[in-house]
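Everything below concerns the one structure shown next.
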Amino acid sequence: MIIAPSLLAADYGNFAKDTIRAGKSGAEWLHLDIMDGHFVPNISFGPHVVKTLRPLTKMFFDVHLMCSKPKVLLEPFAKAGADMITIHVELGDAVTPLIWEIKKLGKKVGLCINPPTDVGLVKPYLDKIDHLLVMTVNPGFGGQGFIYETLPKIQQANVWRCERSLRYTIGVDGGVNLKTVAECARAGADVFVSGSALFAAHSLKQAVTKMRKIVQDNDPGLADLKF
Ligand code: DX5
Ligand code: ZN
């Protein structure tokens, strides 16, 4: 199980401080949401910010590109210190070359799917990726309500993973809090991205510990994956 605080919910005037705080919380990954103002109606931050934060923690840097033209961004984020780069399946024909490009850069590959998109679209890529990220809100903003209708997608992704003995992790992103995380764990997710629920907590460390305990208590025991 991996807990991934999302920096999108951190204090924008104190990214460095909040990155260090996340690093000391026991969370394994730092989720970095990159928005281009086109694929999603919001803009976040770029590779220079990631490069600045990189020396502050040993956490795995999980870069989620919500961008229409990610090709030009892969190398800058790889050089900035991304450990994994996630692109969206909604990019259609561009997905396969992007996957190979990320692999060529020596980074783990993530594929993300938005709530309205048919889960069948990810199927051809499942043996080529390290991580499948299921959006549980429509991407663009933190602090939105969890969309429960996305839960069957997690279950389906877990069934495919077991049936084909594949090793990709299944992540959930958006509206994940101490309540909804239990449903996600039961559905088969093993990476839990959480922004506002973790950063708004008085103690990030306590919130991460609580979230981990809830996931453990709701583990369906279907997948015992190490990433
Ligand atoms: C949404 C982002 C999420 C977001 C999650 O577009 O991809 O990573 O930060 O934030 P919360 O947990 O606040 O929904
Ligand atoms: Zn994200």
Side-chain angles (χ1 to χ4, degrees), residues 2-12 15 18-19 21-22 25 27-47 49-50 53 59-68 70 73 77 82-91 102 107-117 122 129-151 153-154 169-185 189-201 204 207-208 210-212 214-215:
I2 287 156
I3 308 283
S6 172
L7 197 72
L8 195 69
D11 176 355
Y12 266 53
F15 269 171
D18 275 347
T19 297
R21 197 155 75 97
S25 71
E28 293 85 354
W29 291 8
L30 186 66
H31 187 81
L32 299 151
D33 282 314
I34 313 303
M35 303 178 176
D36 66 350
H38 186 265
F39 188 81
V40 288
N42 197 4
I43 290 180
S44 57
F45 48 86
V49 170
V50 175
L53 302 176
M59 269 186 298
F60 182 95
F61 271 14
D62 163 28
V63 171
H64 175 194
L65 296 182
M66 284 161 275
C67 304
S68 299
L73 298 170
F77 278 106
D83 292 297
M84 178 164 73
I85 301 179
T86 294
I87 51 145
H88 271 258
V89 73
E90 290 79 13
L91 297 173
I102 297 168
K107 304 299 172 186
K108 301 246 187 209
V109 180
L111 186 65
C112 187
I113 178 164
N114 282 340
T117 306
V122 302
I129 60 172
D130 300 291
H131 182 56
L132 179 70
L133 184 63
V134 177
M135 285 311 301
T136 42
V137 298
N138 286 307
F141 301 92
Q144 303 182 72
F146 186 86
I147 301 175
Y148 285 86
E149 288 79 4
T150 57
L151 285 170
K153 264 185 200 165
I154 304 164
T169 43
I170 302 172
V172 282
D173 186 6
V176 177
N177 55 36
L178 296 180
K179 181 173 171 274
T180 55
V181 77
E183 316 250 12
C184 296
D190 29 36
V191 177
F192 305 89
V193 175
S194 177
S196 32
L198 294 181
F199 277 102
L204 181 56
V208 168
K210 265 190 203 160
M211 191 168 273
R212 200 182 290 290
I214 295 168
V215 172

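For clarity, every value in this text was computed on a predicted model and none was experimentally measured. Ligands are counted one by one from 1 in listed order, and the atoms in each one are counted from 1 as well.
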Ligand-side contact atoms (ligand 1) for residue partner H64, heavy atom cut-off under 4.0 Å: 7 (O)
Heavy atom of the protein closest to atom 6 (O) of ligand 1 (residue, atom name, distance): G140 N, 2.8 Å
Check: T86 side chain, V109 main-chain N or O, donor-acceptor pair, under 3.5 Å: no
Identity and separation of the nearest protein heavy atom to atom 12 (O) of ligand 1: G195 N, 2.7 Å
Note, F192 side chain near H31 side chain (heavy atom, < 4.5 Å): no
Check: V191 and V172 side chains under 4.5 Å, non-hydrogen atoms: no
Partner of R212 by side chain to side chain contact (heavy atoms under 4.5 Å, CB included), out of V181, I2, I3: I3
Sub-4.0 Å atoms of ligand 1 with respect to non-hydrogen atoms of G142: 10 (O), 13 (O)
Polar side chain donor-acceptor pair, N114 to T117, under 3.5 angstrom: no
Contact atoms of ligand 1, heavy-atom distance to G175 under 4.0 Å: 11 (P), 12 (O), 14 (O)
Interfacing atoms of ligand 1 (cut-off 4.0 Å, heavy-atom, M35): 6 (O)
Atom name, D173 (N, O or S, nearest to the Zn ion (ligand 2)): OD2
Residue and atom name of the nearest protein heavy atom (relative to atom 4 (C) of ligand 1), distance in Å to one decimal: D33 OD2, 3.6 Å
Ligand-residue contact atoms, ligand 1 with S194, heavy atoms, under 4.0 Å: 12 (O)
Check: D173 main-chain N/O paired with T136 side-chain donor or acceptor under 3.5 Å: yes
P139, portion touching ligand 1 at heavy-atom distance under 4.0 Å: both
Subset of ligand 1 atoms that lie under 4.0 Å from at least one heavy atom of G143: 11 (P), 13 (O), 14 (O)
Non-hydrogen side-chain atoms of H64 and M135 separated by less than 4.5 Å: yes
F61 and F77 aromatic centres sub-6.0 Å: no
Closest approach of any protein heavy atom to atom 5 (C) of ligand 1, naming residue and atom: D173 OD1, 3.6 Å
Atom indices of ligand 1, in the order listed, that fall short of 4.0 Å to a heavy atom of M66: 6 (O), 7 (O)
Protein residue, atom and distance nearest to atom 1 (C) of ligand 1, heavy-atom basis: F141 O, 3.7 Å
The Zn ion (ligand 2) reached by H31 (N, O or S, under 2.8 Å): yes
For atom 13 (O) of ligand 1, closest protein heavy-atom neighbour: S196 OG, 2.4 Å
Where ligand 1 meets H31 - atom numbers and elements under 4.0 angstrom, heavy-atom basis: 8 (O)
Exam field: side chain D18 to backbone D11, donor-acceptor pair closer than 3.5 Å: yes
Main-chain N/O of F146 paired to T180 side chain as donor or acceptor, under 3.5 Å: no
Side chains of V50 and F45 in contact at under 4.5 Å (non-hydrogen atoms): yes
Metal-centred angle, the Zn ion (ligand 2) as apex - OD1 of D33, ND1 of H64, 10° resolution: 90°
